[in-house]
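Naming: A, B, ... by sequence-line order, numbering from 1 per chain. All heavy atoms count here, side chains included; hydrogens, waters and symmetry mates do not.
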Amino acid sequence: MLKYVGKRLIQILILLVIYIAVIFFLLHAMPGGIKAMLTMNPNLTPQAREAILHAFGLDKSLWIQFLTYLKNVFTLNLGISFSFYPTPVWNIIAERLPRTILLFTTATLVSFFIGFSSGKSLAWKRGKASEYVATVIGVITYTVFTPLLIFVFIWFFGAYLGIMPINQFLNPDLWLKTNFTAQTIFLYLLLTISLVGAAMLAAFAVARKVSHKVKTRKIIFYTATAISSAFAVFWWAVSPYGIYGADILWHMVLPVLTVAVVSYAGTMLVMRDSMLETIKEDFITTARAKGLPDKVVRDKHAARTAMLPVITNFVLSMGFVVSGGVITESLFSWPGMGMTLLNATLGKDYPLASGALIFTGIFVLFAHLVVDIIYAFLDPRIRY
Amino acid sequence: MSAVLEVKDLKMYYSTKQGMVKAADGISFTVNQGESMGLVGESGCGKTSVSMSIMRLLAENAKIVGGQILFKGQDIVKLKEEEMNKIRWAGIAMIFQAAMNSLNPVYRVGDQIIEAILAHEPDVTFEEARERVAELYKLVGLDPKRMDNYPHEYSGGMKQRAVIAMSLACNPDLIIADEPTTALDVIVQDMILKELSKIQKKLNMSMIYISHDIAVIAEVAEKIAIMYSGKIVELSDAVTIFKKPAHPYTVGLMSSFPSIHGEKKKLVTIPGEPPNLLNAPDHCRFAPRCPFATKECWEKTPPYEEIEPNHYVACFHPQNLRKQVSING
């Protein structure tokens, strides 16, 4: 296993270099180019032009520039943004990445759980009217033109009903008098979610160790989850950040709803198909013959085996979590990575665009590694 | 001897787009305490449908339309699903046709057996269940250390043994072994069957062996039922079936298998193929393939009668047939 991970890490490194090369040359192939941008001013003297080009290393060949950039990336220097001069790219990403991660992790988790459990039930109760209805609705929401859906949602919830904030990720009036930034709140929110998640994972592991009875395991797991969530809510309620955290979460509702509606059907259909395949297996008949209750056969035997392709789907969709839906973020004016990427590319902010893309790349490559490792845990037939 | 299982006039039909498929059409037999019965027939004659009806593990389009299945005097056709779950495995266990695939690939083999024990005996602790599995492993000739392995780490024969161990886990009154050794080579097949038979006698369990191979059944079953096209055509003790087969189909089955002892004979195949169970005809279903068929056979279904004590046959010409066999053979 360790040897496999080591091998994969080397692969990831090679892929990353290739990926950076693609990004670099692709961005430089855009019409215009940095040189023209910096020296467009007709008032510049030839000496000044030379000086500028020399200062940025633009007088060297593209290959040399690429190698310099590669060296900078691997020494964790992503440069300085053009459009937010003189803010380093790092700071911009550090500010925007948490926003996107919070929004899309929530949305992905929500859509995954809806898709997983509905796909499971649909396959189990095959041929009922609910199956046709859910499948048709799922396919419609999956194929619908996302901006249209977002506009409809914004109009319905924000304008017609008037119960939801329609843009931005916070209410500026509320934040006027604060002495901390939204970045802090985002980081605390993410920290809370990770801690609760870690507590749930630990409870799951402990429950497996302590008892062999499904009921006891469930009790341990749910109690631990309830306690850690209650603790988290309590901390937010008493801390001065509480109201601001709530403000951000409130602004998140509509984008999360949209992303979940658009993408739950993907998980649902994959889970349904995989489940239908598994149900035909002989070990399901064995499980039934053993006199196990229907739910145990469904969850412990069928769904557990059927979930493997769905997990792949899920982890791969995590790439989305970093790049963010460009469309979703733009339409909801959610200033995260997706919007940054869009604006940086349109504004020819080369360092920022490549920085954002490299981040997405690294995340996706590692997500693949995580899939492989999770697989080894979920499917005992796979060993590295 | 008390009857563990009594099947009375069982009718199980599949409804398909083309019509009703009568997979089990008036099946009756009794299995007594400690008795082993063999159910023999060609592929597609409804053997597995009978066993699935007894377990009540029917496909969605299948339905038991008539008859009774009495397990220790209780009609399980009418039971609710929860009540049936209590009988499954604890009362009637099963060794499945494809033992290779009847273990869940993502769980340890031992845990899958323990799961069955804990589901039926909630008072048993996990450790006690583990000990019982270790005992069962020894009984079927497996190393108890292999309990913590996954199915893919077992060989075919080991999986078969594990599946047998699993069927014994809750001390069932009856085990249905549906083609228990089909996927194995002849030597392993023989070994496992003999052990299975030994365990059955030792624990005084009842057993139903299902197979298309009458030679396999002959080794282990005291009583044999021959099935053809959703019906039992002949039922008697193993010796009678072999010495004095009364139904032409049974005779055909006998002569299509080689015998190691006895004289060398040319193997005779039964001409034609099993009938489609869809919209089965009203006349004797074997008539199209029967060398002895008369006008009568094409007009009505022969009754299922006791032609001599404990020898049931559904044929208009069983007596004729016996003369014929003695002349020829």
Side-chain angles (χ1 to χ4, degrees), chain A residues 122-128 131 207-218 220 274-311 374-384, chain B residues 48 51-52 54-61 81-108 111-120 122 124-127 129-130 148-153 163 166-167 169-170 172 176 178:
Chain A
L122 286 184
W124 198 246
K125 298 251 178 261
R126 189 94 211 269
K128 294 265 166 68
E131 193 196 359
R208 278 184 68 94
K209 266 265 153 65
V210 170
S211 169
H212 296 285
K213 291 228 162 72
V214 180
K215 245 186 203 157
T216 339
R217 280 184 183 178
K218 268 192 182 162
I220 296 176
S274 174
M275 191 78 174
L276 286 176
E277 278 299 308
T278 312
I279 286 173
K280 285 187 218 138
E281 297 279 350
D282 292 316
F283 60 81
I284 297 300
T285 319
T286 313
R288 279 215 174 103
K290 280 200 275 191
L292 303 175
D294 197 55
K295 262 200 179 147
V296 176
V297 179
R298 185 189 73 185
D299 295 344
K300 194 177 165 191
H301 287 276
R304 170 69 177 72
T305 317
M307 78 193 287
L308 294 169
V310 186
I311 293 287
I374 288 180
Y375 248 68
F377 279 102
L378 288 180
D379 191 343
R381 286 167 294 186
I382 294 172
R383 284 284 170 266
Y384 304 115
Chain B
T48 302
S51 68
M52 287 309 190
I54 296 171
M55 289 303 275
R56 285 254 317 264
L57 293 173
L58 299 177
E60 264 168 46
N61 61 340
E81 195 63 17
E82 295 85 53
E83 295 167 325
M84 192 58 215
N85 267 342
K86 284 181 192 148
I87 290 181
R88 288 185 185 133
W89 226 254
I92 311 172
M94 204 163 169
I95 300 169
F96 283 97
Q97 203 160 8
M100 303 289 164
N101 306 326
S102 52
L103 293 166
N104 191 328
V106 303
Y107 292 112
R108 294 172 205 280
D111 289 348
Q112 298 188 42
I113 303 178
I114 291 168
E115 181 189 31
I117 299 174
L118 295 182
H120 291 283
V124 175
T125 65
F126 182 76
E127 281 68 31
R130 255 187 95 83
D148 293 326
N149 285 136
Y150 288 96
H152 70 277
E153 293 162 327
V163 167
M166 183 152 82
S167 72
C170 300
I176 302 173
D178 189 352

Open item on the list: I'd like to know which of I114(B), T125(B), V106(B) tops the heavy-atom pair count under 4.5 Å against chain A.
Closed with: V106(B)
Task: chain A contact via A93(B) - side chain, backbone, both or neither, heavy atoms under 4.5 Å - done: neither
- [ ] Among L378(A), L292(A), I284(A), L308(A), single out the residue with the greatest number of heavy-atom pairs under 4.5 Å to chain B.
- [x] L292(A)
Task: chain A contact via M84(B) - which portion, at a heavy-atom distance below 4.5 Å - done: neither
Open item on the list: Please enumerate all residues that pass ring pair (Phe, Tyr, Trp, His ring centres under 6.0 Å) together with Y150(B), with sequence neighbours excluded.
Closed with: none
Task: Q112(B) portion near chain A, given a 4.5 angstrom heavy-atom threshold - done: both
Open item on the list: Would you say that T285(A) contacts M52(B) through its side chain, given a criterion of any heavy-atom pair below 4.5 Å between the two side chains?
Closed with: yes
TODO: Can you see which heavy atom on N85(B) is nearest to which on R288(A), and at what distance?
DONE: OD1-O, 4.3 Å
Task: Under 3.5 Å donor-acceptor, T286(A) side chain and S102(B) backbone - done: yes
- [ ] Kindly give the heavy-atom pair with the smallest separation between P380(A) and P105(B), and that separation in Å.
- [x] CG-O, 3.3 Å
Task: Closest contact, heavy atoms only, Y107(B) versus K300(A) - done: OH-O, 2.7 Å
TODO: Name the region of L103(B), side chain, backbone, both or neither, that has any atom closer than 4.5 Å to a heavy atom of chain A.
DONE: backbone
Open item on the list: Under 4.5 Å from any heavy atom of chain A, what part of P122(B) do you find: side chain, backbone, both or neither?
Closed with: backbone
Task: Inter-residue atom distance N104(B).CG - T278(A).OG1, 0.5 Å rounding - done: 9.5 Å
Open item on the list: Once salt bridge (Lys or Arg N to Asp or Glu O under 4.0 Å) is applied, what residue pairs with a partner in residues 289-299 of chain A remain, sequence neighbours excluded?
Closed with: K120(A)-D299(A), K290(A)-E115(B)
Open item on the list: Would you say that more than 12 heavy atoms from the other residues, nucleotides or ligands in this model lie under 6.0 Å from the CD of E60(B), or not?
Closed with: no
